[in-house]
Engineer: 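To start, I am sharing the structure in question, which I have written as structure tokens.
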Amino acid sequence: MSKEITSRATDYAQWYNDLVLKGGLADYSAVRGCMIIKPYGFALWEKMRDALDEMFKETGHENAYFPLFIPKSFLSREAAHVEGFAKECAVVTHYRLKNDPDGNGIIVDPEAKLDEELIVRPTSETIIWNTYKTWIQSYRDLPLLINQWANVVRWEMRTRLFLRTTEFLWQEGHTAHASSEEAMAETLTMLNVYADFAENYMAVPVIRGVKSPSERFAGAIDTYCIEALMQDGKALQAGTSHFLGQNFAKAFDVKFSDRENKLDYVWATSWGVSTRLVGALVMAHSDDDGLILPPKIAPVQVVIIPIYKGTEQKEMLDGKGKELALQLKNAGMRVKFDNNDNNRPGWKFAQYELKGVPIRIAMGVRDLENQTLEVARRDTKEKIAIPLEDISARVNGLLKEIQDQMFQKALDFRDNHISRADTWEEFERLLDEKGGFISAHWDGTAESEEAIKEKTKATLRCIPLNNPAEVGVCILSGKPSTQRVLFARAY
RNA sequence: CGGGGCGUAGCGUAGCCCGGUCAUCGCGCCUGGUUUGGGACCAGGAGGUCGCAAGUUCGAAUCUUGCCGCCCCGACCA
């Protein structure tokens, strides 16, 4: 048992913080709301980034980079967009500091006021569509499929490590198309890329759906999302893909000539996932002893710990350990051989459990005499002896098994936490006692949605894709409804 | 911005109510040695403007006032 980590049952929020801080993923910084992503946390993000980047490229996208700063006037071009983001913008007003003539250190030079303020990007639609205007003239320039990896700033009132920070890292895709159909297809393609990534790499099952109008991205016609469920029964929006229609093309006057030489506005999408995914990964799988990382994302998949008495054994095991590490590495695994003599095996066991390394191999003289190794799984804590000659194949197979079982476990949990509610009492009771997603009828009005949120803190997470039609009455208003939608308390 | 905590060594803390050899303890760190199959042990050692500022007092970590910062819960959101 861990000496340091608050248990989930005691305080879920504190458990999460303990894991992030003590697992070495991130630290608080000197800047309120901004965190330091530490090497292990960044390695995790890099694994996610690299996998996603490859998927983006496979679906035809290219990376580019646009400015951190957005002229204030750009942001206000699209009315809904500016309304959505205005309240959380960091604004650059000056470009120079100087020594205070009164001797109080350094001050903003009042002479150095910018004519037009610059907004630190909360998202890049405006600067990008202002650019696309010059890139797009003809249908031959379309589709334009661009992604950028960047940092953005949103001045949130309250922040939480990885889940919501003032500055965060993300990717934002911005595409331009010749038709509504093509843009919609792109929107769904990218939603599926996200879902595929979440489920097959992060082992986090997600529900694909569309947001209600009030939860829509500022400036979008439709916002699609993937919704994940955390162990405490709260939902987390893990990614979004927006169908922007011609809103930004109109705002930035981006037109193209089609085959018939007719001029029309360009159709757009945008889509993004952020470092929030790291938080989702932590909260979806980990336990009271530390992180549990899915093999495909784990920076280290296998750690080898030598166990020895005396220098002679240490030297012998150093050789054997390096040999084994190389063997596993050559078989395609990410391996660490920890022969650091400063810590004893027990300490290392606990440490790598905290860090969530999927497989630990203990190697001592006893094992080598038996021609076996002790292999321990992080997810189940199960220990098995594996013959030396089978080690590569077996460990490789075990990694796949862990990946699959982690997903299956999360899926079972998620599916057990989708409950149907047909009365208001049932709806409230399920939210309070069980949590998770509540599938319930909704009359389709923003008023009911808002009232439900007010009464229960549950938000309409999404209308699942391919949602079956079903006649019913709204859980709150009793008015007619044509389908069930998913509600949950959320991060 | 409202509510609740908190600020003492790198980290976690005791002391504050009742001012006076009180700066406590644990972890970590350094040196040496013994250890190494689930968070080792012994011996020695280094490390502090008690968040900042003013005030009360012979004397302030402790009392008063002001300020700053952080965390948690809520409103806002990926």
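We name chains A, B, ... by the order of the sequence lines, and we start the count at 1 in each one. Computed from heavy atoms alone, side chains included, the values below leave out hydrogens, waters and symmetry copies.
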Engineer: Strictly by modelled atom types, are A:Thr175 and A:Thr269 linked by a side-chain donor-acceptor pair under 3.5 Å?
Structural biologist: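 Looking only at side-chain atoms, A:Thr269 and A:Thr175 do form a donor-acceptor pair, the distance falling under 3.5 Å.
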
Engineer: Which residue pairs satisfy the side-chain hydrogen bond (donor to acceptor under 3.5 Å, both in side chains) criterion with at least one member in residues 145-154 of chain A, sequence neighbours excluded?
Structural biologist: A:Asp53-A:Trp149, A:Asn63-A:Asn147, A:Arg121-A:Asn151, A:Ser124-A:Gln148, A:Asn147-A:Gln171, A:Gln148-A:Glu172, A:Asn151-A:Glu167

Engineer: Tell me whether the NZ or CZ atom of A:Lys234 lies within the 45° cone about the ring axis of A:Tyr491 and under 6.0 Å from its centre.
Structural biologist: yes

Engineer: Just the table, please: protein N/O against nucleotides 29-32 of chain B N/O, every pair under 3.5 Å.
Structural biologist:
none

Engineer: Expressed in angstrom and rounded to an integer, what is the separation of A:Asp18 atom CG from B:C72 atom P?
Structural biologist: 11 Å

Engineer: Rounded to whole angstrom, note down the C1' distance from B:U21 over to B:G7.
Structural biologist: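 Going atom to atom, C1' in each nucleotide, I get 26 Å.
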
Engineer: Write down the distance between CZ (A:Arg489) and C1' (B:C77), rounded to a whole number of angstrom.
Structural biologist: 18 Å

Engineer: Could you give the distance separating B:A23 and B:C50 at their P atoms, to the nearest angstrom?
Structural biologist: 12 Å

Engineer: So which pairs with a foot in residues 203-241 of chain A pass ring-ring contact (aromatic ring centres under 6.0 Å, His included), sequence neighbours left out?
Structural biologist: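 Of all non-adjacent pairs touching residues 203-241 of chain A, those that pass ring-ring contact (aromatic ring centres under 6.0 Å, His included) are A:His81-A:Phe217, A:Phe85-A:Phe217, A:Phe217-A:His242.
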
Engineer: Is the A:Tyr132-A:Phe248 ring centre distance short of 6.0 angstrom?
Structural biologist: no

Engineer: Would you call the rings of A:Phe243 and A:Trp267 parallel, tilted or perpendicular, where under 30° means parallel and over 60° means perpendicular?
Structural biologist: parallel

Engineer: Using a strict cut-off of less than 4.0 Å between a Lys/Arg side-chain nitrogen and an Asp/Glu carboxylate oxygen, indicate whether A:Asp287 and A:Arg378 qualify as a salt bridge.
Structural biologist: yes

Engineer: Can you check the A:Asn17 CG to B:C71 P distance for me, whole Å?
Structural biologist: 9 Å

Engineer: I'd like to know if A:Asp432 and A:Arg489 make a salt bridge, using a cut-off of under 4.0 Å between side-chain N and carboxylate O.
Structural biologist: yes

Engineer: Using a 4.0 Å heavy-atom cut-off, does A:Thr165 contact any base of the nucleic acid, only the sugar-phosphate backbone, or nothing at all?
Structural biologist: base

Engineer: Any idea which heavy atoms bring A:Ile391 and A:Leu373 closest together, and the distance?
Structural biologist: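 Smallest heavy-atom distance, with atoms named: CD1-CD1, 3.8 Å.
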
Engineer: Here's a test of your reading of the structure: between A:Pro306 and A:Glu167, which maps to the more 5' nucleotide of RNA chain B?
Structural biologist: A:Pro306

Engineer: B:C77 C1' sits how many Å from A:Arg154 CZ, rounded?
Structural biologist: 8 Å

Engineer: Strictly by modelled atom types, are A:Gln14 and A:Arg8 linked by a side-chain donor-acceptor pair under 3.5 Å?
Structural biologist: no

Engineer: State, to 0.1 Å, how close A:Ala362 and A:Ile307 come at their nearest heavy-atom pair, and which atoms those are.
Structural biologist: CB-CD1, 3.9 Å

Engineer: Please work out which residues in residues 339-350 of chain A have a non-hydrogen atom less than 4.0 Å from an atom of RNA chain B and list them by number.
Structural biologist: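 Going residue by residue through residues 339-350 of chain A, the ones with a heavy atom under 4.0 Å of RNA chain B turn out to be A:Asp341, A:Arg344, A:Pro345, A:Gly346, A:Trp347, A:Phe349, A:Ala350.
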
Engineer: Testing the 3.5 Å rule here: is there a donor-acceptor pair between the side chains of A:Asp11 and A:Thr6?
Structural biologist: no

Engineer: C1' atom, B:U62 versus B:G55: distance in rounded Å?
Structural biologist: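 Those two atoms are separated by 15 Å.
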
Engineer: Donor-acceptor check, side chain of A:Ser448 to backbone of A:Gly444, threshold 3.5 angstrom: yes or no?
Structural biologist: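 Side chain of A:Ser448 to backbone of A:Gly444, a donor-acceptor pair under 3.5 Å: no, none is there.
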
Engineer: For the side chain of A:Gln351, starting at C-beta, report the closest nucleotide among B:G38, B:G39, B:A78.
Structural biologist: B:G39

Engineer: What's the gap between B:A61 and B:U24 when it is taken at their P atoms, as a whole Å value?
Structural biologist: 14 Å

Engineer: With rounding to the closest Å, how many angstrom separate the P atoms on B:C6 and B:C16?
Structural biologist: 14 Å

Engineer: Sort me out a list of protein N/O and nucleotides 68-70 of chain B N/O pairs below 3.5 Å, or just none if empty.
Structural biologist:
| unit_1 | atom_1 | unit_2 | atom_2 | d |
| --- | --- | --- | --- | --- |
| B:C70 | OP1 | A:Arg32 | N | 3.4 |
| B:C70 | OP2 | A:Arg32 | NH1 | 3.4 |

Engineer: Is the gap between the ring centers of A:Phe168 and A:Trp170 under 6.0 Å?
Structural biologist: yes

Engineer: Between B:G74 atom P and A:Glu156 atom CD, what is the distance in whole Å?
Structural biologist: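 These atoms are roughly 15 Å apart.
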
Engineer: If a pair satisfies side-chain hydrogen bond (donor to acceptor under 3.5 Å, both in side chains) and one of its residues is in residues 350-367 of chain A, list it, with sequence neighbours excluded.
Structural biologist: A:Lys336-A:Tyr352, A:Asp338-A:Tyr352, A:Glu353-A:Arg360

Engineer: Under 4.0 Å, counting only non-hydrogen atoms across every strand here, what does A:Gln14 touch: a base, just sugar-phosphate, or nothing?
Structural biologist: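 A:Gln14: no heavy atom of the nucleic acid under 4.0 Å.
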
Engineer: Nearest-Å distance, CD (A:Gln237) to C1' (B:C77)?
Structural biologist: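 Rounded to whole Å, this separation is 9 Å.
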
Engineer: Would you indicate which nucleotide in B:C72, B:C77, B:G37 comes nearest to any side-chain atom of A:Arg164?
Structural biologist: B:C77

Engineer: Under 3.5 Å, which N/O atoms of the protein pair with N/O atoms of nucleotides 3-8 of chain B?
Structural biologist:
none

Engineer: Give one of base, sugar-phosphate or nothing for A:Leu163, where a contact means two heavy atoms less than 4.0 Å apart.
Structural biologist: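 Base contact.
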
Engineer: In whole angstroms, how far is the C1' atom of B:A78 from the CD atom of A:Glu88?
Structural biologist: 9 Å

Engineer: Any sub-3.5 Å donor-acceptor pair from A:Arg216's side-chain atoms to A:Lys211's backbone N or O?
Structural biologist: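 No, A:Arg216 side chain to A:Lys211 backbone: no donor-acceptor pair under 3.5 Å.
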
Engineer: For atom C1', what is the distance between B:U35 and B:C42, given to the nearest Å?
Structural biologist: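 Those two atoms are separated by 11 Å.
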
Engineer: Please, which pairs that meet salt bridge (Lys or Arg N to Asp or Glu O under 4.0 Å) have at least one residue in residues 27-42 of chain A, sequence neighbours excluded?
Structural biologist: A:Asp27-A:Lys38

Engineer: Give me the stems containing RNA chain B, sorted by first residue, counting only three or more consecutive Watson-Crick or G-U pairs with both distances under 3.5 Å; say none if there aren't any.
Structural biologist: B:1-7 with B:68-74, B:10-12 with B:25-27, B:29-34 with B:40-45, B:51-55 with B:63-67

Engineer: Pull out every residue in residues 364-392 of chain A that has a heavy atom closer than 4.0 Å to any atom of RNA chain B, ordered by number, or say none.
Structural biologist: A:Gly364, A:Val365, A:Arg366, A:Asp367, A:Glu374, A:Lys383

Engineer: Using a cut-off of 4.0 Å on non-hydrogen atoms, how would the nucleic acid contact of A:Ser274 be classed: base, sugar-phosphate, or nothing?
Structural biologist: base

Engineer: Describe the nucleic acid contact of A:Ala362 in one word from base, sugar-phosphate, nothing, applying a heavy-atom distance below 4.0 Å.
Structural biologist: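 Base contact.
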
Engineer: Please name all residues satisfying side-chain hydrogen bond (donor to acceptor under 3.5 Å, both in side chains) with A:Asp318, sequence neighbours left out, ordered by chain then number.
Structural biologist: A:Asn339

Engineer: Minimum heavy-atom separation for A:Val357 and A:Tyr40, please, with both atom names.
Structural biologist: CG2-OH, 4.2 Å

Engineer: Run the side-chain donor-acceptor check on residues 41-49 of chain A: report pairs under 3.5 Å with partners two or more places apart or on a different chain.
Structural biologist:
none

Engineer: When the C1' atoms of B:C70 and B:G51 are considered, how many whole Å apart are they?
Structural biologist: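 Here B:C70 and B:G51 have their C1' atoms 10 Å from each other.
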
Engineer: Quantified in whole Å, what is the P atom distance between nucleotide B:A60 and nucleotide B:A53?
Structural biologist: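 Each nucleotide's P atom is 14 Å from the other's.
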
Engineer: If you take all heavy atoms of A:Gly436 and A:Ala488, which pair is closest and at what distance?
Structural biologist: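 Looking at all heavy atoms of both residues, the shortest contact is O-CB, 3.5 Å.
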
Engineer: Roughly, in whole Å, what's the span from CH2 in A:Trp271 to C1' in B:A78?
Structural biologist: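 My rounded result for the distance is 16 Å.
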
